[in-house]
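Starting from 1, each residue takes its place in the sequence as its number. These numbers come from the heavy atoms of this one structure, side chains and all, not from hydrogens, waters or symmetry mates.
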Amino acid sequence: MTARAWQQTSWNWHENVAPFLPLYGIDPDSAWSLLSFSENAVYRIDTPQGETFILRLHRPHYRSVDDIRSEITFIEHLRTDNVLLTPAILPTLNGETLSFTGQGEQEQHAVLFAYQPGHAPSEDRLADEFHELGRISARLHNYTATHTNLNRLHRPIWNVDVAIGPNAMWGCWRNTSNMTAEQTTLLDAADRMVRIKLERYGRPIARWGLLHGDMRLTNILRNGDETCIIDFDDCGFGWHMYEFACACTFMECCDNIEALTTSWLRGYKQVRPLSQEDIQIVPTLLMLRRLLMVGWFTTHQHSAEARALEPGFLEKSLTMAKDYLDGTFLSCLTRTTENA
């Protein structure tokens, strides 16, 4: 992935649905509607025959072919071994799970998914939902820890520099426009503290492995008693507790963050053990994720979600950084550790 991924292209790659339909034998008279436009563009396809599919158009210069094929391999392993519920990847008429059209600067890749009915988790019972997400995350981490062949997959490595460094994958928080010197100093102090604590925490095999990397509420579908996990585009190698930080994206400063944290950890520990060090690193990984998301806004002004969420985000991030540096952010974890 290069900075080219965020540059304006000479063509509307995110609207390039029609050329992919015949590759899958989908009726060209099908209707399609945009579900999300962020790193990639995701469409719902409704055919005249009453079938529904989900088509993901990949952003040019973002994920390599090896990256995408590795994601597909990961999903297929999880489905085959019944690790978690996630939609099937549907092949083209030629049996390919990754399709492409065009050439040169207009070459593009896409993946077709089976439609999964469901709805986002209810906000009325988020603590229960996070408890279940903790259990699902632990099952996933147990699986990736014991299937070492997955370590050969070509996926991002979510270390500090990839997340918040000068050439961060989604943009560096330091490139945020209109930040004052005082605000920059505060976030820089949080940045340095994150680096120090993660260096001490290290990356031993019990703490680090292949993750989903974006298990937030928008990527969870509830259908009756079933919980379906979608969108593995950010799957990669990182700290296991970073999975929780990803689940809290845009929610780090919500009023019930302590309840969500203890609920997720309780669910996780029912399946996979955690050390005191694992629990104590959680605030640092949430701070890492929050700084990453401050940078995310610098490359995602094309996204309606980004434009809707941006007002007030920096200000809340500054408050979170101050609390993190003071040691008062997620102080509940001291009690959690004592009761572990």
Restricting to non-hydrogen atoms, name the atom on [X] and the atom on [Y] that form the minimum distance, rounded to 0.1 Å.
| X | Y | result |
| --- | --- | --- |
| Q116 | N223 | NE2-ND2, 4.5 Å |
| A206 | H240 | O-ND1, 3.2 Å |
| V42 | L34 | O-CD1, 3.5 Å |
| G165 | C172 | O-CB, 3.3 Å |
| V282 | L265 | CG2-CD2, 4.4 Å |
| P283 | F329 | CB-CD2, 3.9 Å |

Residue pair [X] / [Y], side-chain heavy-atom distance below 4.5 Å:
| X | Y | value |
| --- | --- | --- |
| F74 | F232 | yes |
| I75 | I89 | yes |
| I26 | L112 | yes |
| N219 | I229 | no |
| T261 | L333 | yes |
| F297 | R307 | no |
| T262 | C332 | yes |
| E258 | L330 | yes |

Is there a continuous path of hydrophobic side-chain contacts, each under 4.5 Å between heavy atoms, that joins [X] to [Y]?
| X | Y | value |
| --- | --- | --- |
| I220 | L260 | yes |
| L140 | I157 | yes |
| L35 | W32 | no |
| L57 | F100 | no |
| F237 | W170 | yes |

Give a yes or no on whether the backbone of [Y] and the side-chain of [X] come within a donor-acceptor separation of less than 3.5 Å.
| X | Y | value |
| --- | --- | --- |
| S263 | A127 | yes |
| W239 | G202 | yes |
| N40 | R59 | yes |
| N12 | E15 | no |
| T176 | W173 | yes |
| R174 | P166 | no |
| D326 | D323 | no |
| H302 | S38 | yes |
| H212 | M215 | yes |
| D278 | S275 | yes |

Full working for side chain to side chain donor-acceptor pair (under 3.5 Å) between N16 and W11: CA-CA 9 Å; N16 195 38; W11 61 295; over 6 Å; no
Contact list for residues 282-300, test side chain to side chain donor-acceptor pair (under 3.5 Å), sequence neighbours left out: E39-W296, E39-H300, D214-R289, Y242-R289, T249-R289, E252-R290, T284-Y324, R290-S317, W296-H300
Pairs satisfying side chain to side chain donor-acceptor pair (under 3.5 Å), at least one member in residues 86-104, at least two apart: Y24-S99
Nearest-0.5 Å distance, [atom1] of residue [X] to [atom2] of residue [Y]:
| X | Y | atom1 | atom2 | result |
| --- | --- | --- | --- | --- |
| L288 | M193 | CG | CE | 14.5 Å |
| L133 | T227 | CG | OG1 | 7.0 Å |
| N149 | T73 | CG | OG1 | 10.0 Å |
| W13 | H58 | CH2 | NE2 | 9.5 Å |
| L286 | M320 | CG | CE | 5.0 Å |
| L150 | T144 | CG | OG1 | 7.0 Å |

Stepwise side chain to side chain donor-acceptor pair (under 3.5 Å) test for T47 and D27: CA-CA 6 Å; T47 72; D27 194 317; over 6 Å; no
Criterion side chain to side chain donor-acceptor pair (under 3.5 Å) against H141, the qualifying member of R272, R207, E243: E243
Under-4.0 Å salt bridge between R155 and D234: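 Not counted as a salt bridge, because no side-chain N and carboxylate O are separated by less than 4.0 Å.
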Ionic contact status for R266 with E132, cut-off 4.0 Å: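 Salt bridge flag = no for R266 with E132.
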Pair E310-Q301, side-chain donor/acceptor within less than 3.5 Å: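 Yes, Q301 and E310 have a side-chain donor paired with an acceptor closer than 3.5 Å.
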Pair E76-R69, salt bridge (Lys or Arg N to Asp or Glu O under 4.0 Å): steps then yes or no: CA-CA 11 Å; E76 290 177 337; R69 291 196 188 280; over 6 Å; no
Name of the residue among Q276, M241, R200 meeting side chain to side chain contact (heavy atoms under 4.5 Å, CB included) with I281: M241
Within 6.0 Å of CD in E199, more than 12 heavy atoms from elsewhere: no
F313, CZ atom: more than 12 neighbouring heavy atoms under 6.0 Å: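 Counting neighbours around CZ of F313, more than 12 heavy atoms of other residues, nucleotides or ligands fall under 6.0 Å, so yes.
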Side chain to side chain donor-acceptor pair (under 3.5 Å) assessment of S64 paired with D67: CA-CA 5 Å; S64 70; D67 288 338; 3.2 Å; yes
R44 charged N/C atom sitting above Y115 aromatic ring, 6.0 Å / 45°: yes
Test ring pair (Phe, Tyr, Trp, His ring centres under 6.0 Å) applied to Y268 and H131, step by step: CA-CA 7 Å; Y268 193 98; H131 183 271; over 10 Å; no
Trace of the salt bridge (Lys or Arg N to Asp or Glu O under 4.0 Å) decision for E129 with R125: CA-CA 6 Å; E129 298 289 357; R125 52 189 306 273; 2.8 Å; yes
Residue pair Y143, D81: steps toward the side chain to side chain donor-acceptor pair (under 3.5 Å) verdict: CA-CA 9 Å; Y143 180 79; D81 293 338; 2.5 Å; yes
Derivation and outcome, side chain to side chain contact (heavy atoms under 4.5 Å, CB included), residues L186 and L325: CA-CA 9 Å; L186 178 55; L325 292 167; 3.7 Å; yes
Candidate pair F130 and F244, rule side chain to side chain contact (heavy atoms under 4.5 Å, CB included), full reasoning: CA-CA 9 Å; F130 268 68; F244 172 67; 4.0 Å; yes
